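Labels below follow one simple rule: chain letters A, B, ... track the order of the sequence lines, proteins then strands, and each chain is numbered from 1. Note that this is a predicted model, so its numbers are computed, not measured.
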There are 2 protein chains.
Amino acid sequence: MTDPAPIRLLLADDHPVVRAGLRAVLETEPGFAVVADVSTAEEAVTLAALPGIDVVLMDLRFGGEMRGSQATAAITARPGAPRVLVLTTYDTDADILAAIEAGATGYLLKDAPPEELATAVRAAAAGKSALAPTVALRLMDRMRDPAVALSRRETEVLQLVADGLSNAEVSKRLFLSQATVKSHLVHIYTKLGVDSRTAAVAAATARGLIRR
Amino acid sequence: MTDPAPIRLLLADDHPVVRAGLRAVLETEPGFAVVADVSTAEEAVTLAALPGIDVVLMDLRFGGEMRGSQATAAITARPGAPRVLVLTTYDTDADILAAIEAGATGYLLKDAPPEELATAVRAAAAGKSALAPTVALRLMDRMRDPAVALSRRETEVLQLVADGLSNAEVSKRLFLSQATVKSHLVHIYTKLGVDSRTAAVAAATARGLIRR
DNA sequence: CGGCCGCTCAACCTTTCGATGGATGCCGCT
DNA sequence: AGCGGCATCCATCGAAAGGTTGAGCGGCCG
């Protein structure tokens with residue numbers, strides 16, 4: 001028996017070096033064919049619509065406007081879409097959840113060894129999910145602890161606090177009384193299990209709930 | 001006339017994909033020879049001591065203990081040492097300054113196009129410095145505004161504050177009185193032009209003076 | 001050597017923050 | 001319709017953090 005049909009790949013990453021590295025790693029492995037590589041999320045969406053793509057390797061953060069999670073959502077929304085395997089440097093909760101909600105089949109970190117990468121691509125092509133160990137662990141943590149969703153208003157307040165604003169400044173910015181700002185903060189502290197504004201900022205940053 | 005002697009390179013990066021990518025990019029370019037690639041800063045220091053290395057391409061953050069800047073310092077401290085060209089994802093002040101103080105010849109970002117990379121390596125081999133445009137800009141900003149250098153102790157205090165510790169907790173951790181912690185914080189506020197701990201954390205984070 | 005700077009600490013007063021408690025309106029569930 | 005849960009809003013009060021002043025010590029440099 002000769003070669004089975006190779007898995008056809010589309011690479012989306014804004015780092016030329018990473019694209020070259022993925023090509024090098026995957027093309028030495030048998031059974032993979034890199035069809036194309038692109039440097040923006042927009043191009044990834046366009047090319048993923050072409051027939052003959054089995055798996056898209058997608059970075060999350062690009063230099064441009066569109067985020068990888070948005071591109072993932074756009075791709076997986078179409079019928080007969082290829083599988084999307086997210087491959088990124090970051091393992092924050094916000095990134096991981098956004099990607100999975102967008103329909104990603106797997107989530108890998110860029111420090112993964114080549115074999116793990118190949119295994120994950122094969123799994124994705126077969127429709128099975130593939131998570132990096134670190135990512136799987138983090139998701140387990142999340143399951144045990146479901147109280148980590150801040151409301152829109154709470155996130156808004158905490159983001160301003162993280163930017164260094166005092167309660168008075170936050171209240172002016174959001175047209176609230178200081179009492180309301182404090183009330184939001186108390187709820188935030190409860191959810192995050194902390195008891196000061198700086199600790200809340202640290203915890204929320206660690207969990208990727210706010211941008212730094 | 002035939003080929004001149006190629007520039008001999010050592011690659012140090014904990015991402016297998018990036019190492020493969022650098023190899024692929026540099027080996028297609030004429031005049032480069034990748035002698036070895038390593039995945040830890042410690043190995044980089046060891047191998048850089050061997051004769052016959054012209055330029056070390058060094059990542060800053062490794063999975064392990066040693067940081068790229070420390071490895072850079074260890075390498076450049078020796079007589080007849082190769083040039084070290086830092087190649088990283090991050091362009092914060094703290095990273096850049098640490099690398100330059102450690103004796104790095106150049107500082108590139110990983111999203112650099114292949115030609116820029118090749119140019120920088122040739123410049124480094126010739127002993128000329130090579131800075132990514134973003135990095136150069138950031139250094140210029142720094143020059144205009146010299147009041148942004150925290151002392152070692154101040155940085156230590158502010159880092160703990162950023163981690164969410166109260167003054168009492170910081171004082172216990174560092175074996176100081178609370179009065180001393182406050183004193184450091186006041187100096188920090190003055191230097192950063194702010195007037196609260198959260199604002200100081202925000203300003204220092206924005207300037208890359210502390211890790212997040 | 002005298003002055004500058006980083007690091008350390010104390011006592012005092014002021015401002016801010018956090019804790020507590022309570023109100024309203026929206027939404028889903030029974 | 002009635003209920004509980006949640007997000008949003010607000011006021012009051014004691015505790016913690018910040019601001020001020022003042023001071024001692026050791027290292028570095030012109």
Next item on the list: Using the salt bridge (charged side-chain N to carboxylate O under 4.0 Å, His left out) rule, take A:K172 and A:E169 through it: C-alpha gap first, then chi angles, then the decisive distance, then the call.
Entry: CA-CA 5 Å; A:K172 263 180 266 176; A:E169 290 167 327; over 6 Å; no

Margin query: I want to check one thing: is the phosphate of D:dA17, taken as OP1 and OP2, less than 4.0 Å away from some side-chain N or O of B:R197?
Written below: no

Check: For D:dG18, does either OP1 or OP2 sit under 4.0 Å from a side-chain N or O belonging to B:S196?
Finding: no

Checklist line | Listed nucleotide nearest any side-chain atom of B:H184, set D:dC9, D:dA17, C:dT8 | finding: C:dT8

Margin query: So B:H187, base contact, sugar-phosphate only, or nothing? Heavy-atom distance under 4.0 Å.
Written below: nothing

Next item on the list: Using modelled atom types only, decide if a donor and an acceptor are shared between the side chain of B:Y107 and the backbone of B:A130 within a distance under 3.5 Å.
Entry: no

Notebook entry, point to check: Are the side chain of A:T76 and the backbone N or O of A:A102 linked by a donor-acceptor pair below 3.5 Å?
Noted result: yes

Margin query: Can you identify which nucleotide, out of D:dA7, C:dC7, C:dA19, has its nearest atom closest to the A:S151 side chain?
Written below: D:dA7

Protein-nucleotides 9-15 of chain C N/O pairs under 3.5 Å:
from, atom 1, to, atom 2, distance (Å)
C:dC9, OP2, B:S177, N, 2.9
C:dC9, OP2, B:T180, OG1, 2.8
C:dC9, O5', B:T180, OG1, 3.3

Next item on the list: Just grab all the salt bridge (Lys or Arg N to Asp or Glu O under 4.0 Å) pairs involving residues 5-15 of chain B, residues at least two apart or on different chains.
Entry: B:R8-B:D54, B:D13-B:K110

Heteroatom pairs (N/O) under 3.5 angstrom, protein to nucleotides 26-28 of chain D:
none

Notebook entry, point to check: So do B:R153 and B:L176 actually touch side chain to side chain, heavy atoms under 4.5 Å?
Noted result: yes

Notebook entry, point to check: To the side chain of B:L185, which of D:dG18, C:dC7, D:dT8 is closest?
Noted result: D:dG18

Margin query: Does D:dA7 have OP1 or OP2 under 4.0 Å away from a side-chain N or O of A:R152?
Written below: no

Checklist line | B:Y189 side chain near D:dG19 phosphate (N/O to OP1/OP2, under 4.0 Å) | finding: no

Margin query: Under 4.0 Å from OP1 or OP2 of D:dA17: is there any side-chain N or O of B:N167 that close?
Written below: no

Notebook entry, point to check: Please give, in whole Å, the distance from D:dA17 C1' to A:D195 CG?
Noted result: 13 Å

